[in-house]
Colleague: 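Attaching a single structure in structure tokens format; questions to follow.
As the structure is a prediction and not an experimental result, all values here were calculated from the model. Throughout, a chain's letter reflects where its sequence line sits, starting with A, and its residues are numbered from 1. Because only heavy atoms are used, hydrogens play no part in the values below, and waters and symmetry mates are left out as well, while side chains stay in.
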There are 2 protein chains.
Amino acid sequence: MTGHATIAESLREEGYRLTPQRMMILAIIYDSEGHLSAEEIHQRVRQQYPFVDISTVYRTLNLLKKLRFITETDLGDECVRYELVDKGRHHHLICRQCGASFALEHELLAPLAPRLLEKYGFAADLDHFAIFGLCQQCRPEGPALAAKKGQQHGDA
Amino acid sequence: MTGHATIAESLREEGYRLTPQRMMILAIIYDSEGHLSAEEIHQRVRQQYPFVDISTVYRTLNLLKKLRFITETDLGDECVRYELVDKGRHHHLICRQCGASFALEHELLAPLAPRLLEKYGFAADLDHFAIFGLCQQCRPEGPALAAKKGQQHGDA
DNA sequence: ATGCATGCAAATTGTTTGCACTTCA
DNA sequence: TGAAGTGCAAACAATTTGCATGCAT
């Protein structure tokens with residue numbers, strides 16, 4: 001049985017029902033390489049099954065999140081993404097100017113967790129991280145102060 | 001002139017008007033040790049000046065954010081906090097179970113920035129960070145898997 | 001058959017915006 | 001004076017919830 005079916009099975013073992021909606025949502029998250037928003041998941045589900053409601057998507061996502069089958073990454077700015085926990089740990093570098101997003105391997109952050117544990121007794125979830133900043137193209141004037149000169153009065 | 005007045009001055013120098021509302025919002029953020037939500041700021045402003053509208057608070061916060069006088073920290077779960085940039089760099093350890101929040105000195109994260117810069121050409125904003133996980137009291141069963149056994153069906 | 005899960009619609013929350021009026025510079 | 005800033009109300013988007021019906025177990 002393929003990946004998402006395994007999770008589906010676990011779902012049932014936990015005492016939850018295995019509905020077509022849940023299967024499809026699971027499959028979509030499983031198949032997608034990247035990080036999907038609730039809206040995107042809803043769109044894709046509807047391509048196969050036009051009657052699925054967005055509330056069902058949210059309910060399912062919340063369930064999967066609660067059971068820790070998926071992670072929720074809040075990229076800020078009303079941009080929440082979901083993906084499977086076992087997709088390998090990686091993080092996101094997000095440019096605050098152009099919005100571009102880059103992957104960051106786990107290695108750089110890995111040393112952090114044990115230190116937090118020993119120093120603060122805090123077991124950090126370092127599965128997913130969103131780090132903001134300026135990407136190479138958006139910092140023409142060096143790492144510091146690159147953003148001080150925003151637009152003029154007109155609100156961003 | 002005291003701290004917030006300095007910023008107020010800079011505001012004017014940038015060509016913005018110095019209104020009582022802006023002064024008060026600035027003063028409140030300045031005085032507060034911690035991290036305030038837009039709603040909290042609004043509450044406090046109203047104690048002195050009951051007619052200030054929440055939209056003015058948001059507009060002012062967005063302005064101050066754009067000028068980089070304050071930082072916005074998105075703690076996820078619809079919980080956005082604001083504070084002065086020069087309050088010293090520190091980060092937050094937030095327990096996903098009990099919601100408690102602990103401060104984390106900058107030192108642990110400091111080495112990250114230069115590495116991100118050299119490896120990815122990415123100038124990270126490491127002023128403020130929110131790291132989720134389980135605090136000491138909420139992980140009775142060791143650092144791993146401590147959360148797998150959530151509540152039963154009833155939603156969280 | 002039983003009750004969890006769904007669809008639908010309405011409610012909620014956080015945030016933004018249009019517009020006429022006020023006020024700082 | 002005149003544009004920037006404000007208050008108000010309405011618009012908005014994302015997410016949640018109540019309720020009657022439907023379907024997995």
Colleague: If you take atom types as modelled and just measure distance, does the side chain of B/Arg17 reach the base of D/dA4 with a donor-acceptor pair under 3.5 Å?
Modeller: yes
Colleague: Between D/dG7, C/dT15, D/dT17, which nucleotide gets closest to the side-chain atoms of A/Ser55?
Modeller: D/dT17
Colleague: At less than 4.0 Å, is any side-chain N or O atom of A/Thr19 found next to OP1 or OP2 of C/dC4? Yes or no.
Modeller: no
Colleague: Write down the distance between OH (A/Tyr49) and C1' (C/dA5), rounded to a whole number of angstrom.
Modeller: 12 Å
Colleague: Describe the nucleic acid contact of A/Pro20 in one word from base, sugar-phosphate, nothing, applying a heavy-atom distance below 4.0 Å.
Modeller: sugar-phosphate
Colleague: Under 3.5 Å, side chain of A/His35 to main-chain N/O of A/Val80, donor-acceptor pair present?
Modeller: no
Colleague: Look at the side-chain N and O atoms of B/Thr56 and state whether any lies under 4.0 Å from the OP1 or OP2 oxygen of D/dT6.
Modeller: no
Colleague: Once hydrogens and angles are ignored, does a donor-acceptor distance under 3.5 Å link the base of D/dT16 to the side chain of A/Arg59?
Modeller: no
Colleague: Looking at every strand, decide which applies to A/Leu18 at a 4.0 Å heavy-atom threshold: base, sugar-phosphate, or nothing.
Modeller: sugar-phosphate
Colleague: OP1 or OP2 of C/dT23 less than 4.0 angstrom from a side-chain nitrogen or oxygen of B/Gln21, does that happen here?
Modeller: no
Colleague: Of all the choices, C/dC8, C/dA5, D/dG7, which nucleotide is nearest to the side chain of A/Tyr16 once you look at every atom?
Modeller: C/dA5
Colleague: Need to verify one output field. Residue with the more 5' nearest nucleotide on DNA chain D, B/Pro50 or B/Arg22?
Modeller: B/Arg22
Colleague: Does one side chain, of B/Gln47 or B/Gln43, offer a donor that lies under 3.5 Å from an acceptor on the other?
Modeller: no
Colleague: What's B/Glu39 touching, base or sugar-phosphate or nothing? Going by heavy atoms closer than 4.0 Å.
Modeller: nothing
